[in-house]
Visitor: 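Okay, here's the structure, questions in a sec.
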Amino acid sequence: MDLTAALLRAAAARPHVLVASMPGGTPVRLALERELRLRDLPVALTPADADILLVAGPACPELEAAVERLWQDMPAPRRRAHAEDPREVGRAVANARAGLARRESAESAGAHERAGGEAPRGRHSGGGGHGGGGDDMDSPAGLPMAGQGPDRDGLTLDRLHVSLGPFLPDWPHGLTVRLTLQGDVVQRAEVAAPPAGGGPAAASFWTQPWARATAGERVQAGEAARRRAAAHLDSLGRFLAVAGWPAAATSARRLRDDLLGGASRESVSPRAARLARRVGGSRTLYWLTRGLGPLSAREAAAAGVAGPAARADGDVPARYRLWLTTVREDVDRLEERDPLDPARHEPPRGPLPTPRTPSEALSPPRTPPAELPAPRTPSAALPAPAAPSVALAAVLPRLLEGAELAAARLIVASLDPDPDETAALTVGTAHE
Amino acid sequence: MSDAAPWWSVLAAPALLVALALLAVAADGVLSARAAGRPFALSAVARPLLEVPRLLVAQPRRLPAPDMPLWRIGVVTVPVAAVLSVMVVPFGPFAVSGLSVGLVWFNAMEVLTWAGLWLAGWGPNAAFSLVGGYRYLAQGLAYELPLMFALMTPGIGAQSLRVGDIAAAQGGLWFAVWMPVAFAVHLWSVLAFGFTGPFAYPAGGDIAGGVFGETSGPERLLLSAGRWLWLAAGSAMAVPLFLGGGAGPWLPGWAWSLVKTVAVLALLVWARGRLPMIRADRYMEVAWVVLLPLSVLQALVPALVVL
Amino acid sequence: MNELSAAVSLLVVALAAVGVLYAVSWWSRVSAAPLSAPPFNSGREPAEHAMSRYHVRWYPVTMLFLAFDMEMVFMYPWIRVISAVGASAVIEMFAFLAILLAGVVYAWREGALRWT
């Protein structure tokens, strides 16, 4: 009996899937997360644990290197699939699983990619050998040792450079924050320029009803409420997963999927209330997150942040509780048939920029160049309205510096910039 | 009370521990299937076990300049220490060894996970794993002392460090009844040395799995097994310490031990999903300023009683 | 069975099980050639080796922990003799614990248990 073949077939029944979501790929990611949840296919946190790499959304040239990096680091047996459209998700997953079950393909795929992948990263090839033994003292295995730098107390300490994003579990894919860590304390954080979307310029999935209403289409208020509730639940799902509460994250995501699937107010409302009680009422979660990432309404306004992050006027718990309140209000408005008034009901992350030249909308509150320290006091000149997520990403460095890695992740998750919004703008620039 | 165990108990005890761990995995599978809204199917019980073939076929991975020996030692230590810890846990009247310092033995094995997990974080030479390894040390500094007092409290009640004697000393009243703080701290700490649920801090999703991040193949299997084995071992230990061991009407001693262990295990598996991950930077203060004095006061109660 | 042989045989059994696991994996894995891969850095190349002098800010807690941990060494034998020695055993032990707890309170007031 062929042991390996039998084990491969068994393993293909429950592979772990590493998801790489592209700018503009939110609908595909949502369909994929639903598929994985219902079929009991766990999400892999790192390439080491992944069997299938699933790229969700239109291919993005700027992220190709990062996707390739993930793929090269996955041990065989492995498969790779790409779904550009939500309808392709089921088939992409099924094909990848079928491929995993076949011994020849599992082996050849691994072997081929290994041969192909070795060359471009020669500087790691020395790592194959004997633990610790290096090429020379300064850079064993072709990598330098950690350098030193002063910390905030004036001590000289080793520091590591770690990238959060573009691809990290429960992270807004595409956003990249480069951290300088001393121990697990963020000493410095820089937000990298967002990748341009690879697909056609389109509004983010979460702001579509508002974009259509602005374009003159008649959109029902209930539809916008449904979209906004789902957007907040999506953010909450990420936040709760980062907070290490997978059970609550699953509840939020199930509710999100049901809302997007068109569930009625009667079926959703009690569950939203239960989630709000369980998460919003959790003293433990409050105790764990209070005081993290304070962003007052004034600072938010100065940084160009409007929307819930500004209205929460406080720390991480203030922001997730506002999301929960908004979800409950929106769920009650699901059946409203009046036309959407963007002035009265804003999009999930704040008002959209008035359509002028997209480059103007993109520029003002961007992060300063890497060499300059982030300004402690925002300049008096009020920035022009930009996509809300651009402003959210821009406040990150100031909030992250000095935080612990765990706190930094919670802060990002509680602001949750939507890379699709920034990508939509950048695409617009590229097409002009 | 603990009779001399037959030679095959060195095989039976690990087998039983593994069976209990598998039961916990299955229960967790059912719970998460329900939470995820999947229609109930019997396969939910067995599906998590598909991890085993999945990890057995995986190609080995080689990171740049890993500390392979230390990494391996760390990964192997966690499950092996869990197996060794049950040596002193009586199952009904039998224990693999009725060691006179059984309590200290269990405590020592549990502390080995500190070394194991830190090495598992250090070995791969990866930033997120390293953070995970150090996270466990911080977590250990917080949970360990209350746990030590919680383990010692029944020992004071029985004036013995032999686990069998402690179980036998609860003839009239279970220690859980008049040492509730110690019992609660013990259960709470089982989640901590099992690095699971609210104490999954060293393996947090926010650092891409932490100590698990770079593991694949048999290493990952061993580390995950260690998690569930510790959950089972901690539950098994709670029975002789706090729940009267194998004492009970009608059924033989071993059956009562089994029933009580499964009940404690079920409680812990259920509790895993109830709370968010507790970060050591917030927990440290609570552990030292609230839990530790409470545990000391709890230890005072039996000390006064046995006088 | 005597205690040492019980412990050693249990260790042998556990290590044998680990060995069997490695053997099965060695036998059944799809490829024996290791995949050489850098550590996960969110899709980017790592900038340097992660092994470094790690800045732990809970260092003062380790000192506090050591003090208490040593105390446990006294407590284990003490358990066996409480009623034989009588009230003085309990008084002395808990007076000692009270002193240590006073130290904890002091460290707490100094902010040693907090670092964020």
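What you are looking at is a predicted structure, and each value in this text was computed from that prediction instead of being measured. Labels below follow one simple rule: chain letters A, B, ... track the order of the sequence lines, proteins then strands, and each chain is numbered from 1.
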Visitor: Take a 6.0 Å sphere around CZ of C/Arg80 and say whether it holds more than 12 heavy atoms from other residues, nucleotides or ligands.
Guide: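 12 or below, so no.
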
Visitor: Is there side-chain contact between C/Tyr22 and B/Leu221, with at least one heavy-atom pair below 4.5 Å?
Guide: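 No - every pair of side-chain heavy atoms lies 4.5 Å or more apart.
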
Visitor: For residues B/Arg61 and C/Pro38, report the shortest heavy-atom separation together with the two atoms involved.
Guide: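 Looks like NH2-O, 4.1 Å.
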
Visitor: Taking side chain as everything from C-beta outward and backbone as N, CA, C, O, which of these in C/Trp78 sits under 4.5 Å from a heavy atom of chain B? Side chain, backbone, both or neither.
Guide: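 Interface part for C/Trp78: side chain.
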
Visitor: Within residues 71-80 of chain B, which residues come under 4.5 Å of chain C, heavy atom to heavy atom?
Guide: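 So the qualifying residues are B/Arg72, B/Val76, B/Val80.
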
Visitor: CG of B/Asn107 to CE of C/Met72: how many Å apart, nearest 0.5 Å?
Guide: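 Interatomic distance, B/Asn107 CG to C/Met72 CE, rounded to 0.5 Å: 8.0 Å.
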
Visitor: Kindly write out the residues that satisfy ring-ring contact (aromatic ring centres under 6.0 Å, His included) with B/Trp228, not counting sequence neighbours, or none if the list is empty.
Guide: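 B/Trp228: no ring-ring contact (aromatic ring centres under 6.0 Å, His included) contacts found.
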
Visitor: Please classify the contact of C/Leu11 with chain B as side chain, backbone, both or neither, using a heavy-atom distance under 4.5 Å.
Guide: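 Both backbone and side chain of C/Leu11 come within 4.5 Å of chain B.
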
Visitor: Where on C/Glu48 is there a heavy atom nearer than 4.5 Å to chain B: the side chain, the backbone, both, or neither?
Guide: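 The answer is neither part of C/Glu48.
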
Visitor: Let's test your reading of the structure: which of B/Val289, B/Leu304, B/Val306, B/Val83 forms the most heavy-atom pairs below 4.5 Å with chain C?
Guide: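 Answer, by heavy-atom pair count under 4.5 Å with chain C: B/Val289.
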
Visitor: Distance check, rounded to the nearest 0.5 Å: B/Leu56 atom CG versus C/Ser25 atom OG?
Guide: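 Answer for the CG-OG pair, B/Leu56 versus C/Ser25, is 6.0 Å.
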
Visitor: Can you tell me which of B/Met148, B/Met152, B/Glu219, B/Glu144 forms the most heavy-atom pairs within a distance under 4.5 Å of chain C?
Guide: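 The candidate making the most pairs under 4.5 Å is B/Met152.
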
Visitor: As an exercise: rank C/Leu15, C/Ile79, C/Asn41, C/Leu113 by heavy-atom pairs under 4.5 Å with chain B and give me the winner.
Guide: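 Answer, by heavy-atom pair count under 4.5 Å with chain B: C/Ile79.
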
Visitor: Between atom CG of B/Leu297 and atom CZ of C/Phe94, what is the distance when rounded to the nearest 0.5 Å?
Guide: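 B/Leu297 CG to C/Phe94 CZ: 8.5 Å, rounded to 0.5 Å.
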
Visitor: Given that the side chain runs from C-beta out, which part of C/Leu21 has a heavy atom under 4.5 Å from chain B: side chain, backbone, both or neither?
Guide: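 For C/Leu21, the contact with chain B is made by backbone and side chain together.
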
Visitor: Hey, are the side chains of C/Pro39 and B/Pro64 touching, using non-hydrogen atoms and a 4.5 Å cut-off?
Guide: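 Touching, per the 4.5 Å side-chain cut-off.
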
Visitor: Give the member of B/Leu55, B/Leu103, B/Leu130 that has the highest number of heavy-atom pairs under 4.5 Å with chain C.
Guide: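 Heavy-atom pairs under 4.5 Å are most numerous for B/Leu130.
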
Visitor: Considering only heavy atoms and a distance below 4.5 Å, find which of C/Val12, C/Leu64, C/Val24 pairs most often with chain B.
Guide: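 Maximum pair count with chain B is reached by C/Leu64.
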
Visitor: Answer whether the closest heavy-atom distance between the side chains of B/Gln159 and C/Ser83 falls below 4.5 Å.
Guide: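 They are in contact (side-chain heavy atoms under 4.5 Å apart), so the answer is yes.
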
Visitor: Could you check whether any side-chain N or O of B/Gln59 sits under 3.5 Å from a backbone N or O of C/Arg29, counting only pairs where one atom can act as donor and the other as acceptor?
Guide: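 Here the side-chain-to-backbone pair does not exist.
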
Visitor: Restricting to pairs with a member in residues 283-303 of chain B, which pass side-chain hydrogen bond (donor to acceptor under 3.5 Å, both in side chains), not counting sequence neighbours?
Guide: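 Listed by first then second residue: B/Trp188-B/Tyr283, B/Glu285-C/Trp108, B/Glu285-C/Arg114.
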
Visitor: Measure from the side-chain N and O atoms of B/Asn125 to the backbone N and O of C/His49, and report whether any donor-acceptor pair falls under 3.5 Å.
Guide: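 Not confirmed, B/Asn125 side chain does not pair with C/His49 backbone.
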
Visitor: Can you say whether C/Val81 sits under 4.5 Å from chain B via the side chain, the backbone, both, or neither, judging by heavy atoms?
Guide: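 For C/Val81, the contact with chain B is made by the backbone alone.
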
Visitor: When rounded to the nearest 0.5 angstrom, what distance separates CG in C/Asp69 from CG in B/Leu145?
Guide: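 C/Asp69 CG to B/Leu145 CG: 6.0 Å, rounded to 0.5 Å.
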
Visitor: Do you know which of C/Val61, C/Val18, C/Val104, C/Leu101 has the most heavy-atom pairs under 4.5 Å to chain B?
Guide: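 Of the candidates given, the most pairs with chain B belong to C/Val61.
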
Visitor: Of the backbone (N, CA, C, O) and the side chain (C-beta and beyond), which part of C/Ala32 lies under 4.5 Å from a heavy atom of chain B, both, or neither?
Guide: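 The backbone, not the side chain.
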
Visitor: Quick check on B/Ala303 against chain C: is it the side chain, the backbone, both or neither that has a heavy atom closer than 4.5 Å?
Guide: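 The answer is both parts of B/Ala303.
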
Visitor: So which heavy atom on B/Val10 is nearest to which on C/Ser9, and how close?
Guide: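 It is CG1-OG, 3.7 Å.
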
Visitor: Side chain, backbone, both or neither: which part of B/Ala142 has a non-hydrogen atom closer than 4.5 Å to chain C?
Guide: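 Contact with chain C is absent: no heavy atom of B/Ala142 under 4.5 Å.
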
Visitor: Please tell me if the side chains of C/Leu35 and B/Arg62 come closer than 4.5 Å, counting only heavy atoms from C-beta onward.
Guide: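 No. Closest side-chain heavy atoms not under 4.5 Å.
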
Visitor: So which of C/Ala98, C/Ala87, C/Ala84, C/Ala17 has the biggest tally of heavy-atom pairs under 4.5 Å with chain B?
Guide: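 Greatest number of close heavy-atom pairs with chain B: C/Ala87.
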
Visitor: Please find out if less than 6.0 Å separates the ring center of C/Tyr76 from that of B/Trp105.
Guide: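 No, they do not, as the ring centres are separated by 6.0 Å or more.
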
Visitor: For C/Phe96, I'd like to know if atom CZ has over 12 heavy atoms of other residues, nucleotides or ligands within 6.0 Å.
Guide: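 Enclosed.
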
Visitor: Listed by chain and number, what are the ring-ring contact (aromatic ring centres under 6.0 Å, His included) partners of B/Phe175, not counting sequence neighbours?
Guide: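 ring-ring contact (aromatic ring centres under 6.0 Å, His included) check on B/Phe175 returns B/Trp178.
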
Visitor: Which atoms of B/Tyr134 come close to chain C, meaning under 4.5 Å heavy atom to heavy atom: side chain ones, backbone ones, both, or neither?
Guide: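 Contact with chain C involves both backbone and side-chain atoms of B/Tyr134.
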
Visitor: Taking the side chain as C-beta and beyond, is there a heavy-atom pair between C/Ser42 and B/Phe128 under 4.5 Å?
Guide: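 C/Ser42 vs B/Phe128: side chains touch.
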
Visitor: Taking all non-hydrogen atoms of both residues into account, name the closest pair between C/Ala7 and B/Leu84 and its distance.
Guide: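 Where C/Ala7 meets B/Leu84 most closely, the heavy atoms are O-CD2, 4.0 Å.
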
Visitor: Looking at C/Trp27, C/Tyr54, C/Phe40, C/Trp26, which has the largest count of heavy-atom pairs under 4.5 Å with chain B?
Guide: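 Maximum pair count with chain B is reached by C/Tyr54.
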
Visitor: Quick one: of B/Leu292, B/Leu11, B/Ile156, who has the most non-hydrogen atom pairs under 4.5 Å with chain C?
Guide: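 Going by pairs under 4.5 Å, I would pick B/Ile156.
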
Visitor: Is any side-chain heavy atom of C/Val90 less than 4.5 Å from a side-chain heavy atom of B/Leu300?
Guide: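 Yes, their side chains come closer than 4.5 Å.
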
Visitor: Please state whether the side chain, the backbone, both or neither of B/Val131 comes within less than 4.5 Å of a heavy atom of chain C.
Guide: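 Both parts, backbone and side chain.
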
Visitor: With respect to chain B, which residue among C/Val85, C/Val56, C/Ile82 yields the maximal number of heavy-atom pairs within a distance under 4.5 Å?
Guide: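 Most heavy-atom pairs under 4.5 Å with chain B: C/Ile82.
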
